[in-house]
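Contents: one structure, followed by commentary.
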Amino acid sequence: MSDTPASPAVPSDFIRDMVTDDINSGGLRSIVTRFPPEPNGYLHIGHAKSICLNFGIARENHGRCNLRMDDTNPTKEDMEYVESIEADVRWLVAGWADQVLGLKRRGAVPVQADAGGRPDTHLAAAIPGSGARHQLEPFFASDYFPQLFEFAVRLVEKGLAYVCDLSPEETDQYRGAPDRPGKESPFRNRTAAENLDLFRRMRAGEFPDGSRTLRARIDMASPNVWLRDPILYRIRHAEHHHTGKSWCIYPMYDFAHCLSDYIEGVTHSICTLEFEVHRPLYDWILKSLDLARPLPRQIEFARLNLGYTVMSKRKLLQLVAERVVTGWDDPRMPTISGLRRRGVPASSLREFARQIGVTKFNGLTDVAVLEKCIRDDLNRLALRRLAVLRPVKVVLTNIGMGDSVACEAVNNPEDPASGHRTVHLTREAWIEHEDFMENPPPKYFRLRPGGEVRLKYACIIRCDEVVRDASGAVLELRCFADLTTRTGQPNAGRKVKAAIHWVSAAHAIPATVHLYDRLFTEEEPEKDGRDLKSVLNPDSLRTVQAWLEPSLAEAVPADRFQFERLGYFCLDAASAPGHRVFNRTIPLKDSWSKAKAG
RNA sequence: UGCCCGAUGGUGUAACGGUAGCACAGCAGACUCUGGAUCUGUUUGUCAUGGUUCAAAUCCAUGUCGGGCAGCCA
C-alpha cells in the first residue's frame with residue numbers, strides 16, 4: 001500500500017520544547033527515546049499516540065527510539081504479545097521513522113564498559129544496515145536481569161535497600177495511606193551483610209513466593225507513597241517467556257524501568273501521567289547508584305481518551321475473552337491490528353497523533369478527528385469502484401437481451417494518474433435500495449416513479465414501472481435508458497439532480513460485506529464504572545451480501561477502495577479466495593441522512 | 001482530607017508579559033455525472049476572586065472544579 005507522505009508540519013509541544021532545551025543547554029550528544037510496552041496485550045491507538053511521539057522526537061533530532069519489551073512480570077506476559085507488538089510498531093512507523101527504530105542484534109546483552117574511568121554497563125541499538133535486518137530484535141528489560149541484580153546488590157551494600165520479611169498484608173498495612181504516614185518495617189535495619197546473604201538466597205530459590213521482598217530504604221513518612229520503602233524485587237517461582245527458568249526473583253517496574261533506560265542510553269523517558277508520582281523514585285534510584293553516564297529524564301503526558309472507545313488493556317482483553325469481538329484484531333477494536341484490518345492506513349494514525357497534540361490535560365478526543373484523518377487519506381488514495389450493498393433490480397427495457405454498452409469510469413478523480421476503466425451496462429442492473437423511493441420526502445433527488453436519475457458513468461434512466469410481488473415488495477424497476485446522454489453523445493450534458501451507482505447484473509460478482517460501526521453507544525463507555533455490556537452497540541457489525549463490479553475480483557487486502565457514494569472498503573485479511581469478504585473502513589460523509597434526520 | 005498534576009469556544013490544541021489563532025464539529029452558501037471531494041462565509045472561548053504591571057490566558061496568592069497516587073501490576 002502506498003501511504004501518503006507524512007504531513008510536512010513539524011509538531012511542537014511542551015515535551016519537544018524540553019528536549020530542545022536539553023540539546024541547547026549542551027551535554028547531550030544525541031537523543032534517545034524509547035517505546036516500552038509490556039507484552040501483556042495488543043497495542044491500541046493510545047499506544048499509537050505514544051509511538052508517534054517517541055519516534056517523532058527521535059526522527060526530528062536524528063536520534064533513535066528503542067522498542068523495548070517491559071517484561072518484568074512473567075505471570076502476565078506472553079510471546080504472542082511480543083510478536084504482535086513488534087509487527088504493529090513496524091507497520092505504524094514504516095516509511096516514516098523506520099530509520100530511527102532502535103533494535104538490537106538478536107541475543108545481544110549489555111556489555112561491561114568503561115565510562116570515563118568508571119565501570120559501566122551499556123547496550124546500544126544495532127546500526128541499521130549493518131548486518132542482516134532479520135537478525136535484529138526488540139530490546140527486552142528481561143535481558144538486563146543480571147545487571148539489575150548487580151545494581152540491587154550495590155544498593156544493599158550502600159545501605160539503601162534491605163530484605164523485608166513482612167507478608168503482603170503486613171506490607172500493605174505498614175505503608176499507611178496517602179493522608180497517614182507509614183510505619184517502618186522491623187526488618188529495615190538489618191546489616192548489609194545480612195541483607196546481601198538474604199537477597200542472594202532469594203535469588204537462589206530458597207524462599208517461597210511472597211515470603212520476602214527487597215525494598216528500597218527511603219522514607220516511610222514521605223507524603224509520596226511511592227517513596228515509602230518501595231518494593232524493588234519480589235519472589236515469583238514462574239517461568240518467563242524470554243528468560244525461561246533462569247530467575248525466581250523479578251524486579252518491579254520502578255526499579256527496572258529507570259535502569260533499563262540508563263542501560264540503553266535513553267535521554268528522554270516519556271510516559272503517561274499516572275507515572276508522575278513515580279518520578280521522584282525514578283530519580284532516586286538512578287542517583288543512588290552513582291552511575292557513570294548522564295541520567296535519563298522522565299517526562300509525562302496525558303494518555304489518549306477517544307470517544308466511543310475503551311482504551312484499557314484489561315477491558316480490551318475482556319472484549320476478546322468474552323467473545324464480544326472475534327479477537328484482538330477484530331476490525332471494531334481500537335487496537336492497531338484491528339484498525340489495520342479495518343483498512344485504516346498507518347499514515348492516518350500518524351496524522352491523527354499529530355493533530356491531537358501532546359499536553360498534560362486529560363481530555364476526551366472527538367472520534368470525528370480520527371474519522372476525518374482516515375477519510376482525508378483514503379479520499380486521496382482509494383480507487384473508486386461500483387458496488388451495490390442492498391440491491392434492487394432495474395430492467396432497462398430499451399436495451400436488448402445480451403447487449404452490452406461500454407462505459408468509461410474514472411478510477412480516482414483526486415488522482416488523474418490512476419486512469420480509467422471500462423464498466424458495462426446491460427439490460428439488467430442492480431441499484432441501491434435506498435436510491436429508489438416510491439413516495440420520497442421533499443428534496444429527495446434520486447429515482448422515483450416517473451422520475452429520472454443518472455447511472456453514473458452511463459446514462460440517464462427514467463422509471464416507467466414498478467413491478468411488485470404478491471406481498472407488495474418491489475421486484476424490479478422497469479426503466480427507459482436514454483443512451484443519448486452517455487459521455488460523448490449529444491445529450492451528455494443534460495442535467496439531472498443525482499447520479500447513482502450501479503452494477504451490471506450480467507457482470508456482477510458476489511461478496512460478503514461487513515459494515516462496521518462504533519462498538520459502544522456511549523461516548524464514554526467507561527464512565528462511572530458502568531458495565532461495558534450495557535453500552536454495546538448491537539449494530540456494530542452488519543453483514544450484507546453485495547454485488548460488486550468484476551474488477552474487484554482481483555483485490556488484495558492491501559488495496560484501498562471507495563465504493564462510490566458508500567464509503568471506503570478493503571478486502572478482509574482473512575478473506576478466502578472463493579469467498580470474498582470486504583470490510584467497510586468508514587462510510588462517506590452523508591449530509592443527506594443528516595439533513596433528513598435533523 | 002496528605003501529596004502531585006491540570007483548567008483557553010461544543011471538542012482538542014496554539015499564543016512563552018504586548019492584536020486570543022488553528023483544527024475538528026456546527027451553521028449558511030457555491031460548485032459537482034459521488035447528497036463525496038473542493039471552495040467561500042460564519043456562530044461560540046481564557047474557571048473564579050484578588051494582587052503585581054503601562055500592559056496578564058501568561059507572573060503571584062487564595063478559592064473552585066477535574067485527574068492521578070495507598071499492587072509483591074505496568
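Keep in mind the model is a prediction, meaning the values are calculated, not measured. In what follows, chains carry the letters A, B, and so on, assigned in the order in which the sequence lines appear, proteins first and then strands, with residues in each chain numbered from 1.
In textbook terms, a nucleotide whose glycosidic angle is within 90° of 0 is syn, and B/rG71 is one such case.
A salt bridge links A/D165 and A/R212; the closest N-O separation between the charged side-chain nitrogens and carboxylate oxygens is under 4.0 Å. At a threshold of 4.0 Å, the pair A/E276-A/K360 counts as salt-bridged, since one of the basic side-chain nitrogens sits closer than that to a carboxylate oxygen. Using a 4.0 Å cut-off between charged side-chain N and carboxylate O, A/D377 and A/R560 make no salt bridge. With salt bridges taken as basic N to acidic carboxylate O contacts below 4.0 Å, one links A/R279 and A/E300. Ion pairing between a basic and an acidic side chain is recognised when a charged N comes within 4.0 Å of a carboxylate O; A/E549 and A/R421 show such pairing. Ion pair A/R565/A/E434 not flagged as a salt bridge, since none of the NZ, NE, NH1 or NH2 atoms sits closer than 4.0 Å to an Asp/Glu carboxylate oxygen. Using a cut-off of 4.0 Å between Lys/Arg side-chain N and Asp/Glu carboxylate O, A/R34 and A/E264 are scored as not salt-bridged. At a threshold of 4.0 Å, the pair A/E522-A/R530 counts as salt-bridged, since one of the basic side-chain nitrogens sits closer than that to a carboxylate oxygen.
Checking A/F145, A/W247, A/Y250, A/F255 one by one against A/Y233, the ring-ring contact (aromatic ring centres under 6.0 Å, His included) holds for a single residue, A/F255. When each of A/W547, A/F563, A/W430, A/Y457 is paired with A/L386, the side-chain contact (heavy atoms from CB on, under 4.5 Å) condition holds for A/Y457 and for no other. For the ring-ring contact (aromatic ring centres under 6.0 Å, His included) with A/F275, the qualifying choice from A/F301, A/Y253, A/Y282, A/W226 is A/Y253, the only one to do so.
In this entry the distance linking CD1 of A/I356 with P of B/rG12 reads 11 Å, nearest Å. As a whole-Å value, the separation of A/L273 CG from B/rC3 P is 19 Å. Computed from coordinates, the A/E524 CD to B/rG10 C1' distance equals 14 Å when rounded to whole Å. With rounding to whole Å, A/F361 atom CZ is found 6 Å from B/rA7 atom C1'. At whole-Å resolution of the value, CG in A/L304 and C1' in B/rU11 are 13 Å apart. What separates CG of A/L370 from P of B/rA25 is a distance of 12 Å, to the nearest Å. If you take NZ of A/K360 and P of B/rG6, they are 5 Å apart, rounded to a whole angstrom. Distance, A/E300 CD to B/rC5 P: 10 Å, rounded to whole Å.
Look at the C1' atom in both B/rA57 and B/rA7: the space between them is 11 Å, to the nearest Å. Nucleotides B/rG17 and B/rC59 place their P atoms 9 Å apart, quoted to the nearest Å. Annotation: B/rC47 and B/rA15 have their P atoms spaced 15 Å apart (nearest Å). With P as the reference atom, B/rC65 and B/rC73 are 36 Å apart, rounded to whole Å. Between B/rG36 and B/rA28, the distance separating the two P atoms is 14 Å to the nearest Å. Nucleotides B/rA55 and B/rU19 have their C1' atoms positioned 13 Å apart, rounded to a whole Å. Distance check on atom C1': B/rA20 versus B/rA14 gives 9 Å, rounded to whole Å. The separation of B/rG10 from B/rC3, taken at their C1' atoms, amounts to 34 Å, rounded to a whole angstrom.
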Which letter, B, S or -, goes with each nucleotide of nucleotides 69-74 of chain B from 5' to 3', with contact meaning a protein heavy atom under 4.0 Å?
SBSBSB
Nucleotides 26-42 of chain B: protein proximity per nucleotide (B base, S sugar-phosphate only, - neither; heavy atom, under 4.0 Å):
S------BBBBS-----
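Remark: A/I15 CD1 to A/M18 CE distance equals 7.5 Å, nearest 0.5 Å.
Side-chain atoms of A/D17 and base atoms of B/rC16 include a donor and an acceptor less than 3.5 Å apart.
Among the protein residues, A/T359 comes within range of the sugar-phosphate backbone only, with heavy atoms under 4.0 Å from sugar or phosphate atoms but none that close to a base. Here A/I460 lies out of heavy-atom contact (under 4.0 Å) with every strand.
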Derivation and outcome, side chain to side chain contact (heavy atoms under 4.5 Å, CB included), residues A/F352 and A/K49
CA-CA 8 Å; A/F352 173 66; A/K49 175 182 180 180; over 6 Å; no
What pattern of brackets, bars and dots sums up RNA chain B from 5' to 3', given Watson-Crick or G-U wobble pairs under 3.5 Å, [ ] for crossing pairs and | for another strand?
.((((((..((((....[..)))).(((((.......)))))....(((((..]....))))))))))).....
